[in-house]
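One structure is given here, and the rest of the page talks about it.
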There are 2 protein chains.
Amino acid sequence: MKILVVDDEKLLVKGIKFNLENDGYEVDTAYDGEEAVRLVSENKYAVILLDLMLPKIDGLEACRRIREFSNVPVIMLTAKTEDNDKLIGFEYGADDYITKPFNIMELKARIRAILRRSGTAERQDSEHRIVRGGIELDTLERSVTVNGVPVMLTVKEFDLLELFMRNPGRVYSRENLLSIVWGYDSPGDIRTVDVHIRHLREKVEARSAQPEYILTKWGIGYYFKQ
Amino acid sequence: MKILVVDDEKLLVKGIKFNLENDGYEVDTAYDGEEAVRLVSENKYAVILLDLMLPKIDGLEACRRIREFSNVPVIMLTAKTEDNDKLIGFEYGADDYITKPFNIMELKARIRAILRRSGTAERQDSEHRIVRGGIELDTLERSVTVNGVPVMLTVKEFDLLELFMRNPGRVYSRENLLSIVWGYDSPGDIRTVDVHIRHLREKVEARSAQPEYILTKWGIGYYFKQ
DNA sequence: CGTCTACTACCAGAATCTTCATCTCATGCT
DNA sequence: AGCATGAGATGAAGATTCTGGTAGTAGACG
């Protein structure tokens, strides 16, 4: 399951690569349109993430050229300003688009949607309902119940919980969480994570002082009970 | 459940494909009449959306040729100007027609109607009457009653309500709603959705300040009470 | 031309997020 | 065991973002 990430911001590319690889995808990278087209012609990708603004050949043109020989799904990464990017993207053959800045959770959701649509390898984590212990989470409804009781979560709380529940046992540092849930360009304070974890525990745990699900790995970060 | 979309406006095709795939249909595309006929001869489609103006072979001729070997339902996509398209289309074997520009809800409704008629896989959401709580919605009459009292809705209000009632609990972002209800080429402001939601609430809810049916998912969008 | 619908801009209040100070507790050392 | 240290938990306030409402304009339609 290979994904190609194309953007001239190397930092962004590295961040996305890191996160997607952690999710079990294989990730190639390119920094300009020419290289992107070449890579696509030489490899078989499940999805391509393509920035609009690129050196040499821009994203739209690259998309058009790719379409000449491949039907691989393309997700365009667009800047917020340009309202029409969406349309233009579709016109040139893109399958979806996402506006920067985005957070990794959202990007992953789009990738899952694309893979589901293209029928590629229905992975366990492409499900929109996740149940672990007494916690049930539905990403379409963005709803959560604990032992059958509905719980209202805020956006950040929900995104945190979804990430944890998709990867139980895996420990995330605060830096990881900031970059995944808050976005790659979050300048935020590291302690902010603590506060949201606390709020999440208050809503999800029976006794937030002795958490049962969202546990602390001392000196490292947080994780969801295996 | 495969659908073939044929139009030379790639933008339009992509938009339709995107939306129909999100609804769980499989979508093939073609950009001229020749390719369309070839695809139909090689695949089994539940419905074909066929533009009138096409390169190589126009829509009518393509429709006629398809009819020589297949009874697959055809919905013609016609430009607004030509009033007689309808008749001509039927004459050449089309089953329905829809004038551009249309919005996705309307297109989906036509597709559902065709599928219902052709007896293909009677899906739950192909019903034309939906009742949830005190709200009854009839897509054929485009009428709505709340606790038995008829309510007059505008086009946008009705489309919003229909979408919500077909997918209770599912949360839609404003972007989702814009692209689904407003259409593939909507340049619209995101706040417009809020205003229509408010109007809808004023007509459907007992107290629109404490909505019972059309609820807000803070930071995400709107959804219909489960 | 008048009426109805749709769209946009703007504002105030509410919900959420962030920051910071303080408290508590796990850890490692003596 | 007792203590120092630093990491995590907690509480509260300020900043920010989001929503719902008002209002006014544009556009469609008869």
Side-chain angles (χ1 to χ4, degrees), chain A residues 80 83 99 101-103 105 142 151-161 171-183 185-205 207-223, chain B residues 80-81 99 101-103 105-106 142 151-161 171-179 181-183 185-205 207-223:
Chain A
K80 196 175 192 174
D83 263 19
T99 52
F102 49 84
N103 71 30
M105 291 299 284
R142 290 194 72 93
V151 174
M152 301 293 290
L153 298 187
T154 69
V155 176
K156 291 284 188 289
E157 289 158 9
F158 187 92
D159 286 352
L160 277 171
L161 184 60
V171 180
Y172 291 92
S173 71
R174 292 171 176 71
E175 287 84 358
N176 284 165
L177 295 173
L178 268 183
S179 88
I180 297 173
V181 173
W182 272 256
D185 61 351
S186 166
D189 190 285
I190 208 81
R191 292 285 130 203
T192 297
V193 176
D194 297 36
V195 176
H196 285 273
I197 291 286
R198 177 177 109 232
H199 290 155
L200 188 52
R201 281 173 170 165
E202 283 167 357
K203 293 182 180 179
V204 161
E205 303 281 1
R207 287 155 306 172
S208 72
Q210 292 95 43
E212 181 187 352
Y213 299 109
I214 297 151
L215 308 177
T216 304
K217 178 69 76 175
W218 218 87
I220 307 291
Y222 301 99
Y223 66 104
Chain B
K80 197 175 191 176
T81 51
T99 52
F102 49 84
N103 71 31
M105 288 299 285
E106 189 180 347
R142 288 192 73 90
V151 174
M152 299 297 292
L153 298 187
T154 69
V155 175
K156 292 284 188 291
E157 289 159 8
F158 186 90
D159 286 352
L160 277 172
L161 184 60
V171 179
Y172 292 92
S173 71
R174 292 172 176 72
E175 287 86 356
N176 284 162
L177 295 174
L178 269 183
S179 89
V181 173
W182 271 255
D185 60 351
S186 165
D189 189 282
I190 209 81
R191 294 274 120 212
T192 298
V193 177
D194 296 35
V195 176
H196 286 271
I197 291 287
R198 179 164 55 82
H199 291 156
L200 188 53
R201 280 173 172 164
E202 282 166 0
K203 293 182 181 179
V204 161
E205 302 281 1
R207 288 156 306 173
S208 73
Q210 293 96 43
E212 182 188 353
Y213 299 109
I214 297 152
L215 308 177
T216 303
K217 179 68 75 173
W218 221 91
I220 304 292
Y222 301 98
Y223 65 104

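Chain identifiers are assigned alphabetically (A, B, ...) following the order of the sequence lines, protein sequences preceding nucleic acid strands; residue numbering begins at 1 within each chain. Computed from a prediction, not measured in an experiment: that's the story for all the values here.
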Grab the CG-C1' distance between B:Asp194 and D:dT22 for me, whole Å please.
14 Å

Side chain to side chain, A:Val204 and A:Glu212, heavy atoms closer than 4.5 Å:
no

Report yes if a side-chain nitrogen or oxygen of A:Thr216 is closer than 4.0 Å to either non-bridging phosphate oxygen (OP1 or OP2) of D:dA7; otherwise report no.
no

B/S/- contact track for nucleotides 17-30 of chain C, protein heavy atom under 4.0 Å:
SBB------S----

For residues 190-197 of chain B, tabulate all N or O donor-acceptor pairs below 3.5 Å that involve a side-chain atom, not counting sequence neighbours.
from: B:Arg191; atom 1: NH1; to: B:Asp194; atom 2: OD2; distance (Å): 2.5
from: B:Thr192; atom 1: OG1; to: B:Asp189; atom 2: O; distance (Å): 3.2
from: B:Asp194; atom 1: OD1; to: B:Arg174; atom 2: NE; distance (Å): 2.7

Whole angstrom value for the distance that separates P of D:dA9 from CD1 of A:Ile197:
8 Å

With a 4.5 Å heavy-atom cut-off, do B:Val181 and B:Glu157 have their side chains touching?
no

What is the separation between atom CD1 on B:Ile220 and atom C1' on D:dT19, rounded to the nearest whole Å?
14 Å

In whole angstroms, the gap separating P of D:dT22 from CZ of B:Arg201 amounts to 14 Å

Once you round it to whole Å, what is the distance between P of D:dT19 and CG of B:Leu215?
14 Å

Specify the separation, in whole Å, of atom NZ of B:Lys217 and atom P of D:dT17.
22 Å

Let me know the distance between OH of A:Tyr222 and P of D:dA7, rounded to the nearest Å.
13 Å

Going by salt bridge (charged side-chain N to carboxylate O under 4.0 Å, His left out), name the residues that satisfy it together with A:Lys217, two or more places apart in sequence or in a different chain.
none

Are the side chains of A:Arg201 and A:Thr216 in contact, using a 4.5 Å heavy-atom criterion?
yes

Without decimals, in angstroms, what is the distance between A:Leu153 CG and C:dT16 C1'?
13 Å

On a heavy-atom basis, the closest approach of B:Pro211 and B:Ser208 is CD-O, 3.5 Å

